[in-house]
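Have a look at the structure below before the remarks.
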Amino acid sequence: MEVMLSVRAESGIRCGKCVRVCPSKIFTQPASGGEIGLQGIGSCIVCGHCVAVCPTGSVEHGDFPPQKVHPVDRELLPSPEQVMLLCKARRSNRAFTAKPVPEETLDRILEAAHRAPTASNLQRVAFTLVTDPEKLHAISAFTVGVFASILRKLENPLLKPVLKRIAPQLYGYVPHFKRLISEFDKGNDLILRGATAVILIHTPSESRFGCQDANLAYQNGSLMAESLGVAQFYTGFVCSAVEQDRNRRLAKMLGISGKIRAGMALGIPAFRYPNYIDRKDINVTKL
């Protein structure tokens, strides 16, 4: 990909900020206050740091024309105390009403998720938004089906002696699998819990950092959902089933070409939590 990049010397103030922030070391400045130069433009990862940091708009990048560059009003940013309170208040709320989440609200959550950083700025994270009740049911049915298949293997009298020896931790999940399957058969979905929307986050199968990229996107979306008053939880059961299914049945069912790496179930909360609870003491090593 050819990158169009230049620095307008007549308006630049030679502050060197572009030199310091460029991850590809394209910008050069032999001495403080000296002229800004360019090298190896072909190695640009199109992150936009140089354009975003330039105080005079002197860095011109073909991928970031003026209409894509926006000033940041830092007076509008939340305070550290507000951010911390949001983190403390966020919970995996699985008590939903039947009311659907408004489309514009889902769009804002998706936009926040899309804004998350990606490895080498490849931006290969994609999203599938599911709101169709039949497809939501199919996601839960797929998940329960995978767990039922695993349970049959774990309880197979021929396989059990071997599996107990090589993977004893799996047997701790047997009661959970049985409960999920039993409740689903009764019409109680403990997978999506009545969520009216699911966002599945996926990347190309060959993406080396696809899992990390997707989960960074999830965190952004999760915090935006919390700020909008939308209840959400991580679809851990679904992701676990996806990992166990080599045939990619869920991806094929939903027309997803890549690999599902993370997911979020969403709904209008039936109630709010008036309190937050302290977690276990932080485990941190300072070196």
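Only a predicted model underlies this, so the values are computations on that prediction, with no experimental measurement involved.
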Practice item. For side chain to side chain contact (heavy atoms under 4.5 Å, CB included), just list the numbers for R90 and L223, CA-CA rounded to whole Å, side-chain angles, deciding distance to a tenth of an Å, and then say yes or no. Key: CA-CA 8 Å; R90 182 180 63 170; L223 288 171; 3.9 Å; yes
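- Legend: residues meeting salt bridge (charged side-chain N to carboxylate O under 4.0 Å, His left out) with R91, ordered by chain and number and at least two apart, are absent.
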Practice item. List the steps and the verdict of side chain to side chain contact (heavy atoms under 4.5 Å, CB included) for I109 and L266. Key: CA-CA 10 Å; I109 294 169; L266 306 107; 3.7 Å; yes
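- Under the 4.5 Å side-chain criterion, counting only non-hydrogen atoms from C-beta, L250 is in contact with I260.
- Here the side chains of T285 and L287 are in contact, with some heavy-atom distance below 4.5 Å.
- The 12-atom threshold is not exceeded at CE of M84, counting heavy atoms of other residues, nucleotides or ligands nearer than 6.0 Å.
- Taking CG from L129 and CD1 from I201, the interatomic distance works out to 11.5 Å, rounded to the nearest 0.5 Å.
- In terms of hydrophobic clustering, with Ile, Leu, Val, Met, Phe, Trp and Tyr side chains grouped at heavy-atom distances under 4.5 Å, F233 and I268 are assigned to different clusters.
- Side-chain N/O atoms of S222 and Q232 include a donor and acceptor closer than 3.5 Å.
- For the atom pair K164 NZ and Q169 CD, the distance stands at 12.5 Å (nearest 0.5 Å).
- Taken together through direct or relayed side-chain contacts under 4.5 Å among Ile, Leu, Val, Met, Phe, Trp and Tyr, V130 and F184 form part of one hydrophobic cluster.
- Note on residues 202-212: pairs passing side-chain hydrogen bond (donor to acceptor under 3.5 Å, both in side chains), not counting sequence neighbours, are R124-E206, T128-H202, T203-R261.
- The side-chain hydrogen bond (donor to acceptor under 3.5 Å, both in side chains) analysis of residues 176-186, with sequence neighbours excluded, yields the pairs E155-K178, E183-N188.
- Atoms CD and NE2, from Q67 and H70 in turn, are 8.5 Å apart once rounded to the nearest 0.5 Å.
- Residues L154 and K160 form no side-chain contact, since every pair of their non-hydrogen atoms from C-beta on lies 4.5 Å or further apart.
- The 12-atom threshold is exceeded at CD of E111, counting heavy atoms of other residues, nucleotides or ligands nearer than 6.0 Å.
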Review point. After noting the C-alpha distance and the side-chain angles of L38 and I41, does the key distance pass the side chain to side chain contact (heavy atoms under 4.5 Å, CB included) rule?
Key: CA-CA 7 Å; L38 299 170; I41 295 176; 4.1 Å; yes
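- To the nearest 0.5 Å, atom CD1 of residue I36 and atom SG of residue C15 are 7.0 Å apart.
- Residues passing the ring-ring contact (aromatic ring centres under 6.0 Å, His included) test with F27, sequence neighbours excluded: none.
- Taking both residues in full, the closest heavy atoms of A197 and T131 are given as CB-CG2, 3.9 Å, listed atom of the first, atom of the second, then distance.
- With sequence neighbours excluded, the residues that form a ring-ring contact (aromatic ring centres under 6.0 Å, His included) with Y218 are Y234.
- Within the 4.5 Å cutoff, the side chain of Y171 has heavy atoms near those of the L163 side chain.
- Inter-residue side-chain proximity for L86 and V83 is flagged as unmet; no heavy-atom pair is nearer than 4.5 Å.
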Practice item. Carefully, step by step, assess F142 and D245 under the rule side chain to side chain contact (heavy atoms under 4.5 Å, CB included). Key: CA-CA 10 Å; F142 157 80; D245 181 34; 3.4 Å; yes
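- Screening residues 136-154 for side-chain hydrogen bond (donor to acceptor under 3.5 Å, both in side chains), with sequence neighbours left out, gives S140-D189.
- Residue V7 is not grouped with residue V53 when hydrophobic side chains (ILVMFWY) are merged at heavy-atom distances under 4.5 angstrom, including chains of intermediate members.
- The hydrophobic cluster around Y273 extends to none of the other residues, as no ILVMFWY side-chain heavy atom falls under 4.5 Å of it.
- If you take CG on D132 and CG on L254, they are separated by 10.0 Å, rounding to the nearest 0.5 Å.
- By the neighbour-count criterion of 12 heavy atoms within 6.0 Å, atom CZ of F237 is sparsely surrounded, having that number or fewer from other residues, nucleotides or ligands.
- Annotation: ring-ring contact (aromatic ring centres under 6.0 Å, His included) contacts of F127 (sequence neighbours excluded): none.
- Proximity of V125 to T118: side-chain heavy atoms (C-beta onward) are separated by under 4.5 Å at one or more points.
- For D73, the side-chain contact (heavy atoms from CB on, under 4.5 Å) partners are E75, L76, not counting sequence neighbours.
- In plain terms, the two heavy atoms of A98 and T196 that are nearest each other are O-CG2, 3.9 Å.
- Residues passing the side-chain contact (heavy atoms from CB on, under 4.5 Å) test with D278, sequence neighbours excluded: Y276.
- Of all non-hydrogen atoms in A112 and M224, the two that sit nearest each other are CB-CB, 3.6 Å.
- Within the 4.5 Å cutoff, side-chain heavy atoms of I150 are placed close to those of F177.
- When the ring-ring contact (aromatic ring centres under 6.0 Å, His included) test is applied to H61, the partners found at least two apart in sequence or on another chain are F64.
- The same ILVMFWY cluster, assembled from side-chain heavy atoms under 4.5 Å apart, contains both I139 and V242.
- Contact of the P269 side chain with the T97 side chain is not registered, since no non-hydrogen atoms from C-beta on lie closer than 4.5 Å.
- In this structure, D63 contributes its side chain and V46 its backbone to no donor-acceptor pair below 3.5 Å.
- At distances below 3.5 Å, not a single donor-acceptor pair connects side-chain atoms of N247 with backbone N or O atoms of R249.
- For R108, the CZ atom sits in a loose shell: 12 or fewer heavy atoms of surrounding residues, nucleotides or ligands are nearer than 6.0 Å.
- Side-chain N/O atoms of T56 and S11 include no donor and acceptor closer than 3.5 Å.
- The cluster map of Ile, Leu, Val, Met, Phe, Trp and Tyr, joined by side-chain heavy atoms under 4.5 Å apart, puts L159 and F147 in the same cluster.
- Summarising the geometry of A119 relative to D213, their closest heavy-atom pair is N-OD1, 2.9 Å, with the distance given to 0.1 Å.
- One distance of note links OG1 of T235 with CD1 of I191; it measures 10.0 Å at 0.5 Å rounding.
- When all heavy atoms of N220 and A113 are compared, the pair lying nearest together is CB-CA, 3.9 Å.
- Within the structure, side-chain hydrogen bond (donor to acceptor under 3.5 Å, both in side chains) contacts touching residues 18-44 (residues at least two apart or in different chains) do not occur.
- Judged by distance alone, with hydrogens and angles left aside, the side-chain atoms of R115 form no donor-acceptor pair with the main-chain N or O of A217 at under 3.5 Å.
- The minimum heavy-atom distance between L5 and C50, with the atom names listed, is CD1-SG, 4.4 Å.
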